[in-house]
Amino acid sequence: VLFRSIYNVAGGLWDLQTDQYLRCYYCGASELFNNAGTLRKSGGTGTSAIDVLFNNTGTLSVLTGTIYFNEANTYTEADATYDLATPGPGHPALVEVNGNLALDGTLNVSLANNYTPKKGDSIPLISCGVLTNTFNDLNLPLSGGNLGWEVAYAANGVSLVVISNANVTAQITGVVTNNTGAPITNITVFAFTTNSNNTVFLSTATGVNGNYALSVTNSVWSVGVEGLVARGYNNVPNQIVTVNNANQIVNFAVQPYTGP
């Protein structure tokens with residue numbers, strides 16, 4: 001693809017439907033891709049490489065294969081979102097960055113190809129030269145009974161590890177209700193640690209009375225609710241609780257959706 005500069009504005013979509021390169025010939029090193037919308041790879045099971053400066057303040061979505069930023073130290077981000085669909089272990093990282101990567105923003109992960117998590121699975125998500133910082137927010141799928149996720153930050157990348165959650169200290173429990181006090185059933189409540197190098201992420205679905213229970217270890221946990229907008233409600237802020245050999249209660253009362 002030959003181009004000078006691309007400005008993908010907020011709400012815009014640039015869709016990579018094959019394993020092809022984005023590069024610019026004879027552009028004098030001034031070419032760039034400024035992404036405030038969504039760059040998505042939806043086709044091809046191999047690698048789509050980007051050979052220009054890439055500034056990401058929007059969403060990087062990888063549904064299949066790998067997006068590779070292969071020019072050294074040309075990828076930068078600020079409050080970016082990663083939407084990654086993983087087929088499980090045994091596959092390359094979904095995002096590869098040739099150079100340094102300073103993370104922030106949000107990590108969203110979904111499971112592809114009928115993958116079912118198993119204890120000990122290690123799934124590469126991102127590889128890079130030197131990694132700094134961590135994600136501010138996480139939205140991960142349900143992992144299954146007595147299992148959880150660990151977002152493992154290494155010197156040169158991020159992986160997702162399936163861990164056992166069988167031996168725990170306490171529980172975080174509560175209820176999710178709407179503005180009338182009625183329970184919201186079958187919606188995901190999550191909690192992730194905020195005081196460790198690698199982040200443990202747990203989630204469960206609410207029951208018929210809107211109640212939930214998460215078995216947790218001693219730590220500082222950020223507790224939130226996923227999927228509220230899709231169910232017709234406004235998002236709510238996460239709540240921070242400290243677990244120290246005692247159960248904690250975190251309730252959520254949500255309001256009807258009023259728009260972005």
Side-chain angles (χ1 to χ4, degrees), residues 1-3 6 8 11-25 31-56 58-77 80-101 103 105-129 131 135 138-144 147 149-162 201 226:
V1 176
L2 302 177
F3 63 93
I6 293 174
N8 190 29
L13 172 65
W14 186 279
D15 194 14
L16 304 174
Q17 300 178 353
T18 63
D19 299 327
Q20 66 182 110
Y21 277 73
L22 284 175
R23 59 162 58 109
C24 185
Y25 296 101
E31 62 273 18
L32 64 87
F33 192 124
N34 192 71
N35 183 53
T38 297
L39 172 68
R40 181 176 70 191
K41 179 171 169 57
S42 65
T45 58
T47 299
S48 293
I50 296 178
D51 287 358
V52 298
L53 291 169
F54 193 93
N55 303 320
N56 189 23
T59 297
L60 189 62
S61 175
V62 184
L63 305 181
T64 180
T66 299
I67 293 181
Y68 177 35
F69 299 94
N70 70 343
E71 287 292 321
N73 296 316
T74 57
Y75 176 89
T76 59
E77 66 174 63
T81 296
Y82 290 71
D83 282 336
L84 306 180
T86 176
H91 295 269
L94 304 178
V95 177
E96 297 181 355
V97 177
N98 180 10
N100 300 336
L101 175 61
L103 290 175
T106 300
L107 172 65
N108 301 323
V109 175
S110 59
L111 305 182
N113 295 357
N114 298 313
Y115 166 62
T116 300
K118 298 182 293 297
K119 178 184 174 183
D121 284 353
S122 181
I123 304 166
L125 297 180
I126 301 169
S127 68
C128 62
L131 180 73
F135 288 107
L138 302 171
N139 292 294
L140 306 183
L142 295 172
S143 55
L147 296 175
W149 300 106
E150 180 181 74
V151 182
Y153 298 97
N156 58 353
V158 181
S159 58
L160 201 57
V161 181
V162 183
F201 182 100
E226 288 183 8

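Position 1 is the first residue of the sequence, and the numbers go up from there.
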Exercise. Return the set of residues passing ring-ring contact (aromatic ring centres under 6.0 Å, His included) with Phe54 (not counting sequence neighbours), or none when no residue passes.
Key: Phe33, Phe69, Tyr75
Self-check item: Results of ring-ring contact (aromatic ring centres under 6.0 Å, His included) for Tyr82 - residues two or more places apart only
Solution: Phe135
Practice problem: Verify whether one side chain among Asn70 and Asn98 offers a donor that lies under 3.5 Å from an acceptor in the other. | Solution: no
Quiz item: Between Thr47 and Asp19, is any side-chain donor less than 3.5 angstrom from a side-chain acceptor?
Solution: no
Practice problem: Only counting residues at least two apart or in another chain, list the ones meeting side-chain contact (heavy atoms from CB on, under 4.5 Å) with Leu147. | Solution: Lys119, Ser143, Val162
Quiz prompt | Contacts of type side-chain contact (heavy atoms from CB on, under 4.5 Å), residue Leu13, not counting sequence neighbours | solution = Asp15, Thr38, Arg40
Distance, nearest 0.5 Å, that separates [atom1] of [X] from [atom2] of [Y]:
X	Y	atom1	atom2	answer
Ile50	Gln20	CD1	CD	10.0 Å
Leu16	Thr64	CG	OG1	11.5 Å
Asn35	Asn56	CG	CG	5.0 Å
Asp121	Trp149	CG	CH2	7.5 Å
Leu53	Thr74	CG	OG1	6.0 Å

State whether the side chain of [X] and the backbone N or O of [Y] hold a donor-acceptor pair below 3.5 Å, judged by distance alone.
X	Y	answer
Glu226	Leu140	yes
Trp14	Gly37	no
Thr66	Ala93	yes

Residue pair [X] / [Y]: nearest heavy atoms and the distance that separates them:
X	Y	result
Asn156	Gly129	CB-O, 3.5 Å
Gly65	Leu94	O-CD2, 3.6 Å
Val161	Ser122	CG2-OG, 3.9 Å
Gly157	Cys128	N-SG, 4.0 Å

Do [X] and [Y] have side-chain heavy atoms sitting under 4.5 Å apart?
X	Y	answer
Ile126	Leu131	no
Val52	Ile6	no
Leu160	Val151	yes
Thr59	Asn108	no
Pro89	Ile123	yes

Quiz item: For Val109 and Thr86, what are the C-alpha separation, side-chain angles and deciding distance, and is it a side-chain contact (heavy atoms from CB on, under 4.5 Å)?
Solution: CA-CA 7 Å; Val109 175; Thr86 176; 3.9 Å; yes
Exercise. Using salt bridge (charged side-chain N to carboxylate O under 4.0 Å, His left out) as the criterion, list what pairs up with Asp83, not counting sequence neighbours.
Key: none
Quiz prompt | Pairs satisfying salt bridge (charged side-chain N to carboxylate O under 4.0 Å, His left out), at least one member in residues 60-70, at least two apart | solution = none
Quiz item: Can Leu101 and Val158 be said to form a side-chain contact (heavy atoms from CB on, under 4.5 Å), step by step?
Solution: CA-CA 11 Å; Leu101 175 61; Val158 181; over 6 Å; no
Exercise. Step by step, work out the side-chain contact (heavy atoms from CB on, under 4.5 Å) result for Lys41 and Leu60.
Key: CA-CA 9 Å; Lys41 179 171 169 57; Leu60 189 62; over 6 Å; no
